[in-house]
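Given the structure is predicted, the values throughout are model-derived calculations rather than measurements. Every chain is numbered from 1 and lettered A, B, ... according to where its sequence line falls, protein lines coming before strand lines. Excluded from the calculations below are hydrogen atoms, water molecules and symmetry mates; all remaining heavy atoms, backbone and side chain alike, are included.
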There are 2 protein chains.
Amino acid sequence: MELDQRKLQILRAIVDEYILSASPVGSKALSRGGMKWSSATIRNEMADLETLGYLAQPHTSAGRIPSEKAYRLYVDQMMQRAHLSDEESKLLYGYFREHVHGVDAVLRSTAKALSEITHYTAVVMMPDIGVNRLRHLQLIPLTIGKALAVVVTDAGVSQNTVIDIPEDIGPEELDRISKAITARFSDCRMSTVSSKLVRELGGELSARADFVESLLARLCESQSSDRRMVELSGATNMLEYPEYSDVNKAKTFLATVEQKDDMYRMLKKASNMEFTVTIGSENEQEGFQDCSVVTASYRVNGTPVGSFGVIGPTRMDYARVLSILKNVQTNLGTVLQSFLKEE
Amino acid sequence: MELDQRKLQILRAIVDEYILSASPVGSKALSRGGMKWSSATIRNEMADLETLGYLAQPHTSAGRIPSEKAYRLYVDQMMQRAHLSDEESKLLYGYFREHVHGVDAVLRSTAKALSEITHYTAVVMMPDIGVNRLRHLQLIPLTIGKALAVVVTDAGVSQNTVIDIPEDIGPEELDRISKAITARFSDCRMSTVSSKLVRELGGELSARADFVESLLARLCESQSSDRRMVELSGATNMLEYPEYSDVNKAKTFLATVEQKDDMYRMLKKASNMEFTVTIGSENEQEGFQDCSVVTASYRVNGTPVGSFGVIGPTRMDYARVLSILKNVQTNLGTVLQSFLKEE
DNA sequence: CTTTAGCACTCCGTTTGTTCGAGTGCTAAT
DNA sequence: ATTAGCACTCGAACAAACGGAGTGCTAAAG
């Protein structure tokens, strides 16, 4: 069933109001606040909207609050995108001017920027190294039997992994192996590096084929399990909102958000989409049943390599958040590109 | 003025009880709970203890709670060290068995272990790289004008820094410079590396003296300002305690604990001492006025290189925490030593 | 002189009652 | 179809009442 124009207007007014006040909005308040119908009319419509599932009543004789269905409709069709003030976008831009050393630093500062500007919680996933191309591999001796493997990709992302090495390999040989691998696999996608046949290689590498194979396998595996792949910022911002004035709710939220594996999975999944908005129970995470997650992906050279997002109460200011994400998305794109100026 | 035996016993009982219950303890409860004096006697003693500053009354006709002075006395003289059950120390040991790859990983898992076992908040500082000796420096090209500097010290700690490089340096030269620096400064303390005169060097390095100097300076400077130098775990544990059932208190605590710079400074300062116990207002941090911080230092080759600690409410179980820290200290010592088996 | 029983008093946390305001649904009039 | 009016409902906020745990003081007992 379609909602007529009036129902839509009323619904929108309710959502707008609720986003601001966080308390149930009633018919009188609405009609006083610039609606062109009387409270009674609005009341009737509200009753209809309730049976249609767009509104809910905490208890009889309270105002209505929007249901998730309402937010969905709001986000998909009714919301008009806010545009940031010059001030804000300048502020945002500032975050990207400052930390220009290294992709990691940029993404970390992105998380901080997002959480500080939105006042919600921000998560940023480090770029999925798998889709990038290897630029440099360096093995550095640590102790007998252990070395540090540093991988640098064409997107300028680096990653350290501690690996086991045969005890009879010396520093010079490690260096030669590093160079050989770099030469051989340079510009290969990381995800395909390990699957390529190592045996077919001649020279330096074939003598250590077993080791090299396990090394490459380890690199790919550790990449995905690294806890540091998600940057989190402003988790405690949520304590500002009445939704979380109950310590227990706050606790479950914080616990959820600290599950970096889950956060990573969530963002990874979202990185195929330009934007996503996931409302309340649409979230898979237990602890996000009362929140919404808005994400945007970021690209390098046209391919999406990661995403970032904002987590807030379901009544978050979607329009504003989306504008901010969009802004950050372009900023981020520019900055990341600048790391690749040599082509 | 000295406290007589009875006063001491009563005070100790009050502290013990308050640590458990978190609510003011009264004279009747005490005398019923195994004290050999009547409630009236205890009451008189309590009145004395209050005028002496060891106890405080939230309001007339409430029980007494220990003052900071009382905790101080308790920690310094009255507390008998708890000893961990076999189960617990085995559990603890398990944390160290698992993650044996890399100092960073070990310390991260230390933080986790501490917070999970104590149920308080744990902080661990990464070893102060300054007192360690350089083992390896590797420069890896990132883009034009930028490179990644990886430093490995004799304690097995690694550190990445993105640095600017002159645009005309190619990969091969970077590699040569890396090797030259490694050869020249190997086994020098990191803190002295930069102050050594670079100009006096011949060969490869002298041609790039300016660059090398700024590089070394950068390495030392970035080391101390790196936010990642502190590992935090279990910050949300504090929400379990009635002291933090007020969301605002929780918020200020969490905000404080997330100031990694401050945490680092705190731990750094404590790393000269085997153990420290800092109670309530003895803490410098604004947000720790209602907490206590207990720290222990850890050593490599006899020199203290860092410390770790537990933050809890002032009424935390000091005896237990200290035992755990002591246990962790030895475990950690063993593990870190194992990274140095080659001497 | 020290300890303890007894008593009056204090104060908090909780419960119970009351009021007030905002909101609702329904009906009848426009 | 809309709206004014009315009776009703419910929760938040405030106040009074109560019970319990604890105290300080005094006087008696050891």
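- Closest to the side chain of A47(B), from the set dT4(C), dG24(D), dG22(D), is dG24(D).
- The phosphate of dT2(C) (OP1 or OP2) has no side-chain N or O of R6(B) nearer than 4.0 angstrom.
- Residue T41(A) places no side-chain N or O under 4.0 Å from the OP1 or OP2 atom of dA1(D).
- Atom-to-atom, CD of Q5(B) to C1' of dT2(C) comes out at 18 Å; the value is rounded to the nearest Å.
- The shortest side-chain heavy-atom distance between V123(A) and Y264(A) does not fall under the 4.5 Å cut-off.
- Separating the CD1 atom of I14(A) from the P atom of dT24(C) is a distance of 9 Å, rounded to the nearest angstrom.
- Annotation: side chain of D290(B) is not in contact with side chain of P313(B) (no heavy-atom distance under 4.5 Å).
- Closest approach to the N44(A) side chain among dT4(C), dT3(D), dT24(C) is made by dT3(D) (side chain taken as heavy atoms from C-beta onward).
- Residue S61(A) has no polar side-chain atom (N or O) positioned under 4.0 Å from OP1 or OP2 of dG11(D).
- Cation-pi geometry between K69(A) and Y54(A) is met: the NZ or CZ atom falls under 6.0 Å from the ring centre, inside 45° of the normal.
- Between the NE2 atom of H59(A) and the C1' atom of dA12(D) there is a distance of 9 Å, given to the nearest Å.
- Spacing between atom NZ of K36(B) and atom C1' of dT3(C) amounts to 15 Å, rounded to whole angstrom units.
- Set against dG24(D), dT10(C), dT24(C), the side chain of T60(B) has dT10(C) as its closest nucleotide.
- The base of dG22(D) has none of its N or O atoms less than 3.5 Å from a complementary donor or acceptor on the side chain of R32(B).
- Residue R64(B) has no polar side-chain atom (N or O) positioned under 4.0 Å from OP1 or OP2 of dA21(D).
- Remark: the backbone N or O of I42(B) is not paired with any side-chain donor or acceptor of S27(B) at under 3.5 angstrom.
- Atom CD1 of I42(A) and atom P of dG25(C) are 13 Å apart (whole Å).
- In this structure, the nucleotide among dA5(C), dT24(C), dT3(D) sitting nearest to the side chain of K28(A) is dT24(C).
- The interatomic distance linking Q57(B) (CD) with dC9(C) (C1') rounds to 14 Å, in whole Å.
- Residues G26(A) and S39(B) each lie close to DNA chain C; by heavy-atom proximity, the contact nearer the 5' end of the strand is made by S39(B).
- Taking 4.5 Å as the limit, some side-chain heavy atom of F253(A) sits within range of a side-chain heavy atom of C291(A).
- Looking at heavy-atom distances under 4.0 Å, A62(B) makes contact with sugar-phosphate atoms alone, never a base.
- One can place CD1 of I65(B) at 14 Å from P of dG22(D), the figure rounded to the nearest angstrom.
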